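Let me begin by presenting the structure, written as structure tokens, before commenting on it.
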Amino acid sequence: MRPRRQADILALSLWLLPVMDMLIVIWAAIVSSLAMDQLRDPDLWPWSTHYRAGVLFGAILTPLVFHRFGLYRSHRGESLAVELIQVTGAWLVVLGILAVMAIATKTSVIYSRLWMGGWLLVGCVLFWIFRIALRLTVAQLRARGWDTRDIVMIGSGVEAARVVRRLKGLRGAGYRIVGYFSVPGTPDPLFASFRCLGDIEHIVPVLERLPHAPDQAWIALPAERPDLVRLAATQLGQTTLDCRLVPDTREFNILNYAVSQVAGLPVINLSYSPMTGINRIIKAIEDRVLALLILSLVAPLMLLIALAIKLDSPGPVLFRQKRHGWNGEEITVLKFRTMVMHREKDGHVTQAKRGDPRVTRLGHLLRRTSLDELPQFFNVLAGTMSVVGPRPHAVEHNEMYKKLVSGYVLRHKVKPGITGWAQVNGYRGETESLEMMRRRIEYDLYYIEHWSIWLDLTIVALTCIRGFVSSRAY
């Protein structure tokens, strides 16, 4: 069995990326100067000693910081959006370090703030353009057979088929399934198009007879057969292949699962919140900016609604209800009152239904148009809610549905939102059946697992287009 010899684009990028990043830093600084139309300013162009020193130090510092952010490793099969976010964060850190150094050396007054802002923005744009272009180029090369990775699957059931489908859906990743080793049972129909290399008990002798060795072996076996996993791992340990174990997580409620190390042991995190580290800061800034912007626009409308509620029926303008927020903590959610004053039985909350006599004349309009939710932007400013996230349910409903819907409580891994992925996909208002609630939870968990600022802005835009009015909001 001879090793495959394929051109490794990553080896080229190990020196190309740092050099290009250094050049981008310098180009961005020059473009920022040109954009300000200050070429004749002796303090800016030609650059004074301080400007030249700052740009040069930034160019040297950039590859060091980018390396710490993991930007000079292979991103094969990983999201482009994640890489761009990492690049942006690393570039902000570089300029942050430069700013701190300028303050410490008492030279910050020398540099133009406008120029620094231009350097930041132009740098981001150029970094993004370069990495998008690099991704497209690499994808084209891999489509032509360059830098591909030949994979053998250990397994042929539904677990292995799930992995194969995901690999086939990764455009430009360059993964190629060259065969599989079967396991007891009926193979998944997907494997009819692949070559069966043999059964799992004869991995080593079969691989030794191949004219060219594959690059990787991926183990995807059912969780109820740990003996097969152990057998496959033992045999692959006698080869030089890169081996990957894909755990069978179908029987678990997983959310953003990842592998980490604790006390030197590999640990699979089956679920965790995406709102950690820089993501938490980005989300908090996004929420406050959007909430302030929207409140400034709708403040006159909110005053008119408050006045109309007082004239329409006796009682307070605002309705306060206990809901579960982030990590299941109880929060108080604000809404415009849409019902007549009444009292529910302890531990019971009745959802509004079509023709509900408790809903006031004005309340029907407010609920159908979602205008009763406007006070929740104050919850966003207070930090108990987000603009976008799973809609908060009444505490009593949470207690009921968490026993009926698998994965229900995982929606509390993030702050509840005023609008969400489920709502813009039609799952808003009364949940008339248990199946409807399951579908809503599926959309909520999809949002949490795929969260990004771009998804948030998409949901906000879709809410503006089609999310205000619903036929099921009574």
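FYI, the numbering just counts along the sequence from 1. Computed from a predicted model, the values in this text were never measured in an experiment.
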* Determine, using ring centers only, whether W91 and F69 are less than 6.0 Å apart. => no

Practice problem: Answer with yes or no after comparing the ring centroid distance for F194 and Y180 against a 6.0 Å cut-off, counting only values under it. | Solution: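 Not under 6.0 Å, so no.
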
query = Relative to each other, are the rings of H412 and H324 parallel, tilted or perpendicular (30° and 60° limits)?
reply =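 Perpendicular: the ring planes of H412 and H324 meet at over 60°.
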
inquiry  = In terms of relative ring orientation, are Y408 and H393 parallel, tilted or perpendicular, with 30° and 60° separating the classes?
reply    =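 Ring orientation of Y408 relative to H393: tilted.
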
Does E159 pair with R162 as a salt bridge, N-O distance under 4.0 Å?
-> no

Pairs satisfying side chain to side chain donor-acceptor pair (under 3.5 Å), at least one member in residues 381-391, at least two apart:
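The answer is D287-S386, E373-R391, Q376-R391, N379-T384.
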
*What pairs with F57 under side-chain contact (heavy atoms from CB on, under 4.5 Å), at least two apart in sequence or on another chain?*
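Only L61, L98, M101 meet the side-chain contact (heavy atoms from CB on, under 4.5 Å) criterion with F57.
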
In short, salt bridge (charged side-chain N to carboxylate O under 4.0 Å, His left out) pairs touching residues 451-462 with sequence neighbours left out are K283-D456

Under the salt bridge (charged side-chain N to carboxylate O under 4.0 Å, His left out) definition, can you give me all pairs with a residue in residues 21-30, not counting sequence neighbours?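 Non-adjacent pairs meeting salt bridge (charged side-chain N to carboxylate O under 4.0 Å, His left out): D21-R131.
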
- Is it true that a side-chain atom of W119 and a backbone atom of V25 form a donor plus acceptor pair closer than 3.5 Å?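 Present.
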
Between E449 and L445, is any pair of side-chain heavy atoms under 4.5 Å apart?
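SC-SC contact between E449 and L445 ruled out.
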
message = With a 4.5 Å cut-off on side-chain heavy atoms, are D150 and Q216 touching?
response =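 They are not in contact (no side-chain heavy atoms under 4.5 Å apart), so the answer is no.
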
V65 and A90 have their tightest heavy-atom pair at CG1-O, 3.7 Å

(message) Is it true that, when you exclude F378 itself, more than 12 heavy atoms of the residues, nucleotides or ligands shown sit nearer than 6.0 Å to its CZ?
(response)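 Count not over threshold, so no.
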
Those residues at least two apart in sequence (or on a different chain) that pass side chain to side chain donor-acceptor pair (under 3.5 Å) with W128 are T88

Among residues at least two apart in sequence or on other chains, which ones pass salt bridge (Lys or Arg N to Asp or Glu O under 4.0 Å) with R438?
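R438 satisfies salt bridge (Lys or Arg N to Asp or Glu O under 4.0 Å) with E435 once adjacent residues are dropped.
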
